[in-house]
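Have a look at the structure below, then the notes.
In what follows, chains carry the letters A, B, and so on, assigned in the order in which the sequence lines appear, proteins first and then strands, with residues in each chain numbered from 1. These numbers come from a predicted model, not from an experiment.
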Number of protein chains: 2
Amino acid sequence: MQTVRKDIHNSDIPVLCQSCEARHQGICGALNPEQLLALAKSTRRVRKDAGEELLADAMPISSYANVLRGVVKLSKVLEDGRQQVVGLQFAPDLLGRPFAAESRVSAEAASEVDLCLIPKPALETLLTQSAALEHLVMLQALRELDEARDWMVTLGRKSAAEKVASFLYLIATHIDPTEVEPETRFELPLTRADIGDFLGLTIETVSRQISRLKADGVIEILGNRHVTVPDLARLRLRCG
Amino acid sequence: MQTVRKDIHNSDIPVLCQSCEARHQGICGALNPEQLLALAKSTRRVRKDAGEELLADAMPISSYANVLRGVVKLSKVLEDGRQQVVGLQFAPDLLGRPFAAESRVSAEAASEVDLCLIPKPALETLLTQSAALEHLVMLQALRELDEARDWMVTLGRKSAAEKVASFLYLIATHIDPTEVEPETRFELPLTRADIGDFLGLTIETVSRQISRLKADGVIEILGNRHVTVPDLARLRLRCG
DNA sequence: CGAGGTTTTGAGAAATGTCAACTAGTGTGG
DNA sequence: CCACACTAGTTGACATTTCTCAAAACCTCG
């Protein structure tokens with residue numbers, strides 16, 4: 001069987017890629033061992049601290065990157081400084097807009113993140129060679145489109161209370177890439193300011209709604225960031 | 001030269017496709033004459049009136065469709081009935097979520113529209129055969145993602161006045177698929193209720209903001225739908 | 001011309017934003 | 001290891017925006 005053969009011939013697979021999330025669920029899963037080996041020659045693993053800028057709006061892109069750990073915040077800024085977070089990326093998403101000379105968003109490490117940098121030409125060469133890879137990239141784009149549209153409903157039609165509940169639910173269901181089940185305990189990867197920019201609310205309104213959820217027993221909070229959700233269904237009910 | 005040859009051999013191209021927008025700027029441009037001919041055998045042109053439902057959320061999809069004329073409204077509805085328009089499609093967009101068994105949005109003709117229906121299996125067969133076609137479909141998905149993210153900024157961070165101005169600007173720049181320049185006179189393809197659902201506002205707020213733009217001389221309105229924008233730069237300024 | 005639906009306008013209510021003060025974490029240097 | 005300083009988060013009072021409900025005006029179409 002193919003899958004067994006693959007495991008037996010694990011030595012074909014670059015060491016760094018062997019346990020890599022991107023190979024199992026991310027775009028590298030589309031590559032055969034030779035392609036993976038060729039790609040691994042030009043990739044580079046880097047760790048970024050929370051707050052570091054990864055990609056600036058309207059700046060030329062030199063690299064794509066697989067998100068291996070942590071959360072990346074994608075945002076757009078109006079001339080007068082108003083900011084909107086337009087997406088979050090979790091492992092094993094591919095970071096960077098394919099087939100564009102420059103980014104249309106800015107990307108920032110929301111938490112500490114590990115990235116696998118892929119030089120732009122390396123990925124684009126592979127994309128022309130592998131229809132399977134291009135297909136996976138398209139599927140990610142379609143998934144991000146679905147997520148963006150879901151979020152538009154939250155931004156346009158939900159109350160502040162529903163927005164905050166929706167955000168917490170989103171994090172619970174996405175924070176752990178290896179786990180299919182939502183998490184009941186997690187660290188918030190975003191500051192209150194970031195949450196506000198994601199939800200189209202002020203920092204104060206976010207804080208008040210979190211306090212309310214806490215008072216109502218829907219969530220527990222330890223320190224500022226550590227959240228426990230005793231009953232996910234109850235949180236889900238608050239999402240509108 | 002390829003392009004000249006193509007024009008000389010126009011007889012290879014199905015009659016209905018010859019003047020079709022989708023062949024020039026849409027996804028059919030990726031097909032060679034044989035593929036186009038094969039596809040044309042199973043496509044069907046239909047006209048839909050404003051308000052007709054084209055695709056229901058969570059319903060199985062049997063067809064894709066090229067939008068040839070008019071405006072299609074994509075929307076999502078919350079359990080309690082709150083609605084959010086998550087996108088508008090203009091000619092020559094492809095309607096329908098590729099590689100999904102069911103739609104995640106509902107689609108409705110916002111104005112009278114002409115569609116070229118493509119049976120799901122026909123398009124999906126072609127997609128596996130033509131990397132060029134899949135590439136165009138991906139580019140449309142990426143463009144829609146960019147548009148969705150732009151709109152998230154409008155939904156999350158703009159005032160009601162800026163939202164309405166942004167909407168009018170969007171229509172002015174997209175209503176005519178053959179024209180690169182924004183239009184200064186056009187028919188609004190959406191009712192006030194639809195505009196409200198697109199902007200996350202009530203019908204009354206939309207109306208008030210339109211009245212304000214009219215009073216300020218930024219736009220002129222004849223009847224309920226016919227809009228003239230004497231100075232697009234002035235409208236652009238109101239978009240925030 | 002009239003009926004039905006759509007749009008506009010007004011007045012008051014509710015939600016969210018703003019500004020300011022206060023509190024609680026977090027990290028650093030003695 | 002503790003104390004201090006700094007940043008992030010919370011809470012309160014008030015302002016502003018947007019929503020809600022109601023009525024009137026306006027189109028569109030038969």
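Aromatic ring pairs are classed by plane angle as parallel below 30°, tilted from 30° to 60° and perpendicular above 60°; the pair B:Phe198 and B:Trp151 is parallel.
A distance-only check finds a donor-acceptor pair linking the side chain of B:Arg23 to the backbone of B:Cys17 [under 3.5 Å]. Using modelled atom types, no side-chain atom of A:Glu112 and backbone atom of A:Arg47 make a donor-acceptor pair closer than 3.5 Å. Looking at A:His226, its side chain never comes within 3.5 Å of a backbone N or O of A:Leu222 through a donor-acceptor pair.
The distance between atom CZ of B:Arg157 and atom C1' of D:dT17, rounded to the nearest whole Å, is 15 Å. One can place NZ of B:Lys158 at 18 Å from C1' of D:dT18, the figure rounded to the nearest angstrom. Summarising the geometry, the separation between CD on A:Glu162 and C1' on C:dT16 is reported as 14 Å, rounded to the nearest angstrom. Atom C1' of nucleotide D:dC19 and atom CG of B:Leu199 are separated by 15 Å, given to the nearest angstrom. Spacing between atom CG of B:Leu213 and atom P of C:dT9 amounts to 13 Å, rounded to whole angstrom units. Distance, B:Leu188 CG to D:dC27 P: 15 Å, rounded to whole Å. Between B:Leu201 atom CG and D:dC19 atom C1' there is a gap of 10 Å when expressed in whole angstrom units. Rounding to whole angstrom units, CZ of residue B:Arg212 and C1' of C:dT8 are separated by 15 Å.
Each of B:Leu222 and A:Thr205 has a nearest nucleotide on DNA chain D; the 5'-most of these lies closest to A:Thr205.
Distances shown here put every side-chain N or O of A:Thr202 at or beyond 4.0 Å from the OP1 or OP2 atom of C:dT16.
Salt bridge present: A:Arg149 and B:Glu144 bring a charged side-chain N and a carboxylate O closer than 4.0 Å.
Residues passing the salt bridge (charged side-chain N to carboxylate O under 4.0 Å, His left out) test with A:Glu162 are B:Arg82, sequence neighbours excluded.
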Protein and nucleotides 4-10 of chain D: nitrogen or oxygen contacts under 3.5 angstrom:
unit_1 : atom_1 : unit_2   : atom_2 : d
D:dG9  : OP2    : A:Arg192 : N      : 3.2
D:dT10 : OP1    : A:Arg192 : NH2    : 3.3
D:dT10 : OP2    : A:Arg192 : NE     : 2.8
D:dT10 : OP2    : A:Ser207 : OG     : 2.7
D:dT10 : O5'    : A:Ser207 : OG     : 3.0

Side chain to side chain contact (heavy atoms under 4.5 Å, CB included) between B:Val137 and A:Met138, worked out: CA-CA 8 Å; B:Val137 169; A:Met138 165 150 71; 4.0 Å; yes
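Contacts of A:Gly196 with the nucleic acid, taken as non-hydrogen atoms under 4.0 Å apart, are absent.
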